[in-house]
Amino acid sequence: MTAQTAELPTAGRQARNAAMEGAAASPAPLVDPFERAISYLRVSVTDRCDFRCVYCMSEDMSFLPKAEVLSLEELDRLCSAFVGLGVRKLRLTGGEPLVRRNIMWLIERLGRHLGTGALDELTLTTNGSQLGRYAEQLAAAGVRRVNVSLDTLDPEKFAAITRWGKLDKVMDGLAAAKAAGLEVKINAVALKGVNDDEIHRLVEWCGEEGFDLTFIEVMPMGDIGTEQRLGQYWPLSMVRAELAKRWTLEESDHRTGGPARYAHCRETGRRIGFITPLTHNFCESCNRVRLTCTGTLYMCLGQEDAADLRAPLRASEEDGPVVEAIREAIGRKPKGHDFVMDRRRKQATSVGRHMSVTGG
Ligand code: SAM
Ligand code: SF4
């Protein structure tokens with residue numbers, strides 16, 4: 001072993017070894033300048049949504065013109081190019097992925113990579129409003145798990161947070177997901193003064209339903225038309241301390257390839273995850289990049305640097321130019337983000353784009 005390979009993080013080293021073994025058969029995998037293997041692509045398939053969550057969008061959002069948005073065929077081509085370069089996990093998100101017209105066509109197409117073994121997982125993050133309609137088809141297409149965002153179990157609070165959402169419909173969607181055999185993880189944004197009185201109930205309810213639960217810290221992304229976000233910021237260290245008053249949280253080394261750190265809750269037997277982009281640096285193990293529905297690739301959720309993949313994709317029917325553009329972009333993946341929730345300067349937006357653009 002050379003001194004150089006001895007210093008590689010495990011993922012980078014494994015990817016490199018795999019590439020050496022299969023050099024003749026497959027192209028070199030995507031490894032960034034910090035030797036992190038890129039194996040996880042999150043794709044925002046639309047910027048549109050049937051909700052208007054207060055921390056995510058303003059009520060009068062303007063959405064992208066259709067011509068700028070990649071067609072489903074183009075999304076398939078682009079995702080498949082990433083799979084060809086060693087991406088093993090695809091997560092569709094948005095906006096709300098299930099409001100995109102004919103979305104099942106894309107999901108079924110991408111499912112073919114599960115069949116060949118090129119992809120380990122095809123999954124999505126959804127607000128759950130359309131799961132009643134799609135859960136069975138998702139399971140049939142090879143989706144095994146879904147993340148459903150749900151911050152409260154109180155119908156009135158739910159209406160206030162999502163502005164346009166109905167809790168009943170999401171509950172029906174969750175029941176349909178369970179009936180279809182999909183594993184469900186609930187994502188809840190921890191909001192001081194909004195759902196801080198409900199976190200124990202959320203843990204209990206997830207235990208009853210057989211769902212894992214992940215708490216997310218509110219992130220400074222996009223102008224949402226209010227100054228609320230600063231006041232709602234609730235560090236997950238405090239959420240965890242509150243949970244520990246009632247639940248036994250045992251350390252867990254479970255990883256899903258995402259940024260969450262997990263604990264095992266002894267009383268419910270379920271996992272509780274914590275995504276803490278503001279209080280902890282999880283960049284050193286980052287294996288992800290994010291694609292928007294216009295074909296813009298963001299190498300880091302917390303940085304503005306991006307690469308346009310739409311132009312090379314549309315310029316040629318061959319994948320060569322787009323593969324070259326992907327490699328060039330991965331070569332620029334930064335070491336980490338610089339989110340700040342700067343209370344002194346009362347500045348709550350450090351990244352201009354909305355979460356619905358990059359999909360979280
Ligand atoms: N519409 C889908 C949903 O709500 O699950 C997928 C897209 S949504 C942008 C993905 C995740 O980002 C959701 O769990 C949502 O709660 C979270 N999110 C949105 N804005 C956020 C913010 N400013 N800070 C932290 N999480 C946010
Ligand atoms: Fe829509 Fe998801 Fe954003 Fe809520 S968090 S507005 S459901 S994209």
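One is the number of the first residue; the rest follow in order along the sequence. Order of listing sets the numbers, starting from 1, for every ligand and every atom in it. Being a predicted model, the structure only gives us computed values, none of them experimental. These numbers come from the heavy atoms of this one structure, side chains and all, not from hydrogens, waters or symmetry mates.
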Trainee: Nearest 0.5 Å please: distance from the CD atom of Glu96 over to the CD atom of Gln130.
Mentor: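 Going from the CD atom of Glu96 to the CD atom of Gln130 covers 6.5 Å.
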Trainee: Taking only heavy atoms of Cys53 into account, list the atoms of ligand 2 that are under 4.0 Å away from them.
Mentor: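 Those of ligand 2 that fall under 4.0 Å from Cys53 are 4 (Fe), 5 (S), 6 (S), 7 (S).
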Trainee: Write out all pairs satisfying side-chain hydrogen bond (donor to acceptor under 3.5 Å, both in side chains) with one or both partners inside residues 131-144, taking only residues at least two apart or from two chains.
Mentor: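 Not a single pair qualifies under side-chain hydrogen bond (donor to acceptor under 3.5 Å, both in side chains).
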Trainee: Which is closest to atom 7 (S) of ligand 2 in terms of heavy atoms, Gly94, Ser44, Cys49?
Mentor: Cys49
Trainee: What I want to find out is whether Glu328 reaches Arg332 closely enough, with some N-O distance under 4.0 Å, to be called a salt bridge.
Mentor: yes
Trainee: So that I can check it, does any N, O or S atom in Cys56 come closer than 2.8 Å to atom 3 (Fe) of ligand 2?
Mentor: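 Here the distance criterion (N, O or S atom, under 2.8 Å) is met by Cys56, so yes.
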Trainee: Under 4.0 Å from a heavy atom of Thr126: give me the atoms of ligand 1 that qualify, with their elements.
Mentor: 2 (C), 3 (C), 5 (O)
Trainee: Which atoms of ligand 1 sit under 4.0 Å from any heavy atom of Thr93?
Mentor: 6 (C), 7 (C)
Trainee: Backbone or side chain, does any N or O of Tyr55 fall under 3.5 Å from an N or O of ligand 1?
Mentor: yes
Trainee: Mark up the atoms of ligand 1 that fall under 4.0 Å of a heavy atom belonging to Val189, in ascending order.
Mentor: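 With Val189 as reference, the close atoms of ligand 1 come out as 16 (O), 26 (N).
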Trainee: Does ligand 1 come near enough to Gly95 that some N or O of the ligand is less than 3.5 Å from an N or O of the residue?
Mentor: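 The answer is yes, given that Gly95 and ligand 1 share an N or O pair closer than 3.5 Å.
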Trainee: Could you verify whether a donor N or O on one side chain and an acceptor N or O on the other, from Arg91 and Thr125, lie under 3.5 Å apart?
Mentor: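 Yes - a donor-acceptor pair under 3.5 Å links their side chains.
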Trainee: Output all residues satisfying side chain to side chain donor-acceptor pair (under 3.5 Å) with Asp168, sequence neighbours left out; order by chain, then residue number.
Mentor: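 With sequence neighbours excluded, Asp168 shows a side chain to side chain donor-acceptor pair (under 3.5 Å) to no residue whatsoever.
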Trainee: Between Asp76 and Arg112, does at least one N-O distance fall below 4.0 Å, as a salt bridge requires?
Mentor: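 The answer is yes: the pair qualifies as a salt bridge.
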Trainee: With side chain to side chain donor-acceptor pair (under 3.5 Å) as the criterion, how do Thr248 and Glu267 come out once you've worked through the C-alpha distance, each side chain's angles and the decisive distance to 0.1 Å?
Mentor: CA-CA 7 Å; Thr248 316; Glu267 291 82 359; 2.6 Å; yes
Trainee: Taking NZ, NE, NH1 and NH2 as the nitrogens, is one of them in Glu251 or Arg240 under 4.0 Å from a carboxylate oxygen of the other?
Mentor: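 Yes.
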Trainee: Tell me whether Gly95 reaches ligand 2 (any heavy atom closer than 4.0 angstrom to a ligand atom).
Mentor: yes
Trainee: If hydrogens are left out, which of Gln232, Glu96, Arg42 has an atom nearest to atom 2 (C) of ligand 1, that is, the closest non-hydrogen atom?
Mentor: Glu96
Trainee: Below the 3.5 angstrom mark, is there an N/O of Ser149, backbone or side chain, next to an N/O of ligand 1?
Mentor: yes
